[in-house]
Amino acid sequence: KNQVEQSPQSLIILEGKNCTLQCNYTVSPFSNLRWYKQDTGRGPVSLTIMTFSENTKSNGRYTATLDADTKQSSLHITASQLSDSASYICVVVPFSGGYNKLIFGAGTRLAVHP
Amino acid sequence: EAQVTQNPRYLITVTGKKLTVTCSQNMNHEYMSWYRQDPGLGLRQIYYSMNVEVTDKGDVPEGYKVSRKEKRNFPLILESPSPNQTSLYFCATWPGEGGTEAFFGQGTRLTVV
């Protein structure tokens with residue numbers, strides 16, 4: 001079983017609409033949880049990084065939330081734009097002391113249509 | 001400008017022909033790592049390095065080698081590529097602290113026929 005599960009696998013929304021992507025994880029304890037945006041054929045780019053003690057982190061129209069008790073995180077995108085079409089990846093960094101590990105979810109593929 | 005540079009971006013090769021994918025970073029980061037990305041799966045770690053001459057296996061190291069002779073470079077070597085190594089490969093780098101941002105290269109799409 002994957003340690004980081006994302007839902008939905010894919011999502012289509014209309015330009016201007018909001019959407020929320022989900023991430024459930026079993027990694028424990030963890031150092032931080034990250035959301036990345038990956039355009040097709042490109043490397044992931046960091047959107048937010050939250051430590052285990054943070055509840056929310058914003059980056060423009062992107063807002064990530066974290067509930068460490070239920071081991072859930074979400075990424076909310078406000079007023080979507082065509083350029084938001086990408087895969088969004090949830091990543092958990094275990095509190096292993098070595099910081100050599102990033103555990104990736106499989107991602108949610110978002111398509112924003114005009 | 002912070003950069004992680006991978007080469008080549010695209011490569012088609014034949015089974016058994018040795019190849020090297022290069023990765024170079026200009027941020028003086030200690031950590032470097034290689035991942036492969038396959039459809040429906042998250043990025044999986046192949047090898048990582050915590051500093052010069054220090055490397056260790058990730059989750060899927062079979063069929064791959066790495067070296068870290070200089071801090072800025074971390075090449076991925078496939079001694080005898082096989083079709084199951086057809087994938088999208090990413091190099092990543094980050095400083096030694098856990099809460100800091102990781103930077104990824106642009107990716108190398110490898111096809112082994």
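In the text below, chain A, chain B and the rest are named by the order of the sequence lines, each starting its count at 1.
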Counting only non-hydrogen atoms closer than 4.5 Å, does [X] touch chain A with its backbone (N, CA, C, O), its side chain (CB onward), both, or neither?
X: B:R44; value: neither
X: B:Q6; value: neither
X: B:A102; value: both

Measure centre to centre between the rings of A:F104 and B:Y35, then say whether the value is under 6.0 Å. yes
Under 4.5 Å heavy-atom distance to chain B, tell me which part of A:Q38 shows up: side chain, backbone, both or neither. side chain
Using the side-chain contact (heavy atoms from CB on, under 4.5 Å) definition, which of the options A:L21, A:N24, A:I89 pairs with A:Q6? A:I89
If you tally heavy-atom pairs under 4.5 Å against chain A, which of B:D38, B:L88, B:D59 wins? B:D59
Walk me through it: do A:S74 and A:T65 pass the test side-chain hydrogen bond (donor to acceptor under 3.5 Å, both in side chains)? CA-CA 5 Å; A:S74 64; A:T65 63; 2.5 Å; yes
Between the CG atom in A:D84 and the OG1 atom in A:T78, the distance rounded to the nearest 0.5 Å is 9.5 Å
Minimum side-chain heavy-atom gap B:T55-B:F74 below 4.5 Å: yes
